[in-house]
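Throughout, numbering of the chain's residues begins at 1 and tracks the sequence. Every number for a ligand or one of its atoms is a count from 1 in the order of the listing.
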Amino acid sequence: MSNEQIPKTARAVVFDECNGAIRVDKDHKVAQPSELKAGEALVKVEFTGVCHTDLHAWKGDWPIPPKCPLVGGHEGAGRIVAIGEGSDTQFKVGSKVGIKWLADSCLNCEACLGGQEATCSNAKLSGYTVDGSFQQYAVSYLKHLTPIPDGVDMEVAAPILCAGVTVWKAIKQSNTRPGDFVVISGAGGGLGHLAVQYATAMGLRVVGIDTGDDKRKLLASYGADTFIDFKEHSGKGKLIDEVKRVCGGEGPHAAVITSAGAAAYNEALEYLRPHGTLVAVGLPPNATINADVFFTVFKALRIVGSYVGNRQDAIEALDFAVRGKVKPQLEILDLDDINSVYERMEKGGVAGRIVLKC
Ligand code: NAD
Ligand code: ZN
């Protein structure tokens with residue numbers, strides 16, 4: 001099923017091996033409507049966010065490497081231009097849809113039936129185990145596409161599809177109530193700046209940790225209660241003392257770690273107040289959480305891993321954007337700019353999210 005002319009080739013960002021050259025292939029093959037299987041759609045991607053996960057994928061620095069060659073990307077916002085024959089779906093040609101990290105799962109196993117689709121043993125991951133959204137036309141699985149509601153621009157929807165849904169879920173898992181203190185570590189980055197806004201919308205008192213004036217200003221514009229520049233508190237125990245001080249002397253009720261560096265995890269275990277929750281989100285390679293058993297028990301701490309969100313979490317996360325409660329800070333560039341975007345991201349030089357026009 002298709003109403004429009006589908007080109008035979010289009011632009012895509014491809015690498016053949018981790019750490020190898022990243023090229024913008026202007027003649028990447030586009031799947032034709034007749035080639036789509038039941039359950040598949042061809043999505044014309046309009047905008048795609050660049051998540052730090054895409055950088056990890058290219059560097060191959062996680063324990064499970066991505067498929068190669070790979071078209072990365074998993075924050076795609078676009079429209080369906082063709083649907084595989086025999087598909088049973090709510091979507092139509094023309095529907096606005098989002099491509100997120102979880103490209104597909106079985107929907108029948110214990111994890112899927114319990115709403116924990118990301119941990120399905122048959123999960124397929126956009127821009128990791130299957131080609132993702134760094135291209136003009138992407139083949140996607142209909143059952144995991146997210147409907148993009150009216151009232152949210154495509155470039156705004158894009159970063160919500162990974163960064164937004166991930167931090168929304170993480171805050172829901174933080175065991176906090178309105179008025180509680182929450183630390184967002186990595187607060188000026190793609191995930192972090194959205195976490196600050198979701199947490200504020202939830203009535204939490206937010207302390208953002210990151211570095212640099214751009215990020216400080218960005219967070220102040222969201223009404224975050226306090227910004228702590230980690231580079232200004234680098235001596236032993238200094239950051240921990242400062243976090244405790246700004247959180248009523250006892251430390252925060254929760255810490256959501258969205259930083260891609262390892263140090264933030266172990267600091268959090270020291271500054272959390274008793275019964276506090278550490279929500280692990282950022283995925284630094286080769287990192288370990290060193291939880292002292294005695295103090296974990298003595299302070300009754302909780303350590304929770306939080307991995308993206310399910311289909312309903314994605315719908316909820318977008319709804320905050322529709323209502324204007326969450327506004328991603330966007331810098332809009334082009335697919336061609338991917339190399340320089342990765343260089344900046346590696347250095348921590350992106351405040352908010354970079355979204356690429358496809
Ligand atoms: P980003 O590069 O946009 O942001 C990371 C931020 O962390 C930067 O602003 C950087 O300055 C800051 N930072 C670095 N070291 C810090 C420290 N010691 N203390 C405080 N802040 C520090 O990255 P992103 O796209 O927001 O992704 C962040 C991480 O989250 C990545 O590892 C990514 O793979 C991971 N991630 C996890 C999930 C999940 O489901 N758990 C989903 C998406 C992304
Ligand atoms: Zn992501």
Side-chain angles (χ1 to χ4, degrees), residues 48-59 61-62 66 72-76 98-102 116-119 123 125-128 132-134 158-170 173 183-196 207-216 218-219 227-234 239-240 243 255-268 271 279-287 304-310 313-314 317 328-329 331 341-355:
T48 180
V50 184
C51 179
H52 207 115
T53 292
D54 299 309
L55 179 55
H56 291 298
W58 172 64
K59 287 164 79 180
D61 64 12
W62 283 348
H74 57 274
E75 286 186 348
I99 298 170
K100 55 185 174 47
W101 175 247
L102 192 66
Q116 310 287 4
E117 302 142 17
T119 50
L125 309 174
S126 308
Y128 211 81
S133 55
F134 288 168
I160 305 289
L161 291 157
C162 176
V165 61
T166 299
V167 298
W168 166 233
K169 178 69 162 221
Q173 304 209 78
V183 162
I184 310 294
S185 182
L191 269 64
H193 88 292
L194 293 176
V196 169
V207 175
I209 305 181
D210 210 309
T211 190
D213 279 346
D214 286 359
K215 293 175 185 175
R216 182 189 292 274
L218 182 61
L219 298 199
F227 179 81
I228 299 177
D229 190 321
F230 66 83
K231 289 197 177 155
E232 290 172 8
H233 297 84
S234 56
L239 184 90
I240 290 148
V243 174
V256 177
I257 311 298
T258 62
S259 138
Y265 278 97
N266 295 314
E267 289 158 357
Y271 61 60
V279 188
V281 178
L283 288 160
N286 305 313
V304 179
S306 192
Y307 180 31
V308 290
N310 63 23
D313 296 318
Q329 167 69 23
E331 183 179 341
V341 172
Y342 281 169
E343 276 167 31
R344 279 174 59 192
M345 186 173 258
E346 177 76 39
K347 293 182 194 139
V350 181
R353 198 52 131 200
I354 291 178
V355 167

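Taking atom 4 (O) of ligand 1 as the reference point, the nearest protein heavy-atom neighbour is Gly189 CA, 3.3 Å. Considering only non-hydrogen protein atoms, atom 1 (P) of ligand 1 sits nearest to His52 ND1, 3.7 Å. The protein heavy atom nearest to atom 12 (C) of ligand 1 is Asp210 OD2, 3.4 Å. In terms of protein heavy-atom proximity, atom 30 (O) of ligand 1 is closest to Gly282 CA, 3.4 Å. With hydrogens left out, the protein atom closest to atom 38 (C) of ligand 1 is Thr166 CG2, 3.7 Å, a heavy atom. The nearest protein atom to atom 20 (C) of ligand 1, hydrogens excluded, is given as Ser185 OG, 3.3 Å; this is a heavy-atom distance. Nearest non-hydrogen protein atom to atom 37 (C) of ligand 1 is Val281 O, 3.1 Å. Atom 15 (N) of ligand 1 has as its closest protein heavy atom Ser259 OG, 3.6 Å.
The six-membered or imidazole ring of Trp62 lies near that of Tyr128, with a centre-to-centre distance under 6.0 Å.
Here the shortest heavy-atom pairing between Leu219 and Gly208 reads CD1-CA, 4.1 Å. For the pair Trp168 and Ala317, the tightest heavy-atom approach, listed with the atom from each and the gap, is CD1-N, 3.9 Å. Of all non-hydrogen atoms in Pro159 and Arg353, the two that sit nearest each other are CB-CG, 3.6 Å. The two residues Asp210 and Gly186 come nearest to each other via the heavy atoms OD2-C, 3.2 Å. The two residues His74 and Asp54 come nearest to each other via the heavy atoms ND1-OD1, 3.1 Å. In this structure, Leu191 and Val167 approach most closely via the heavy-atom pair O-CG1, 3.4 Å.
Of the listed residues (Tyr307, Phe230, Tyr265), the one carrying the non-hydrogen atom nearest atom 22 (C) of ligand 1 is Phe230. Between Val50, Thr211, Thr258, Ile209, it is Thr258 that holds the heavy atom closest to atom 5 (C) of ligand 1. Among Leu191, Asp214, Ile354, the residue whose heavy atom sits closest to atom 26 (O) of ligand 1 is Leu191. Evaluated by nearest non-hydrogen atom to atom 40 (O) of ligand 1, the leading choice among Asp229, Leu55, Val308, Thr53 is Val308.
Taking only nitrogen or oxygen atoms, main chain and side chain alike, Ala280 does not reach within less than 3.5 Å of ligand 1. Checked by distance only, ligand 1 and Gly261 stay at 3.5 Å or farther apart across all their nitrogen or oxygen atoms. Remark: ligand 1 and Gly190 share an N or O pair separated by less than 3.5 Å (distance only, no angle test). In terms of N/O distances under 3.5 Å, ligand 1 is approached by Gly186. Below 3.5 Å of separation, one finds an N or O of Arg353 facing an N or O of ligand 1. For a threshold of 3.5 Å applied to N or O pairs, the pair formed by Cys162 and ligand 1 contains no separation below that value.
The existence of a salt bridge linking Arg344 and Glu331 is confirmed by a sub-4.0 Å separation between a basic side-chain nitrogen and an acidic carboxylate oxygen.
Counting heavy atoms from C-beta on, the side chains of Lys215 and Asp229 never come closer than 4.5 Å. Side-chain contact between Ser306 and Thr166 is absent, with no heavy atoms from C-beta onward closer than 4.5 Å. Within the 4.5 Å cutoff, the side chain of Ser259 has no heavy atoms near those of the Phe230 side chain. Side-chain contact between Leu102 and Leu125: present, with at least one pair of heavy atoms (C-beta onward) separated by less than 4.5 Å. Considering only heavy atoms from C-beta on, Tyr271 stays 4.5 Å or farther from Val207 through its side chain.
Using 4.0 Å as the threshold, Cys51 has a heavy atom nearer than that to some atom of ligand 1. At a 4.0 Å cut-off, at least one heavy atom of Lys215 sits close enough to ligand 1 to count as contact.
Going from atom OG1 of Thr258 over to atom CG of Leu283 covers 11.0 Å, rounded to the nearest 0.5 Å. The CG atom of Leu55 sits 4.5 Å away from the NE2 atom of His52 when rounded to the nearest 0.5 Å. In this structure, NZ on Lys347 lies 6.0 Å from CD on Glu343, to the nearest 0.5 angstrom.
Listed by atom number, the atoms of ligand 1 under 4.0 Å from Met345 heavy atoms are 2 (O). Counting the atoms of ligand 1 from 1 in the order shown, those under 4.0 Å from a heavy atom of Ala260 are 31 (C), 32 (O).
Distances from the Zn ion (ligand 2) under 2.8 Å pick out these protein N/O/S atoms: Cys51 SG, His74 NE2, Cys162 SG.
In this pair, Tyr342 and Phe134 present their aromatic rings tilted. The plane angle is within the 30 to 60° band.
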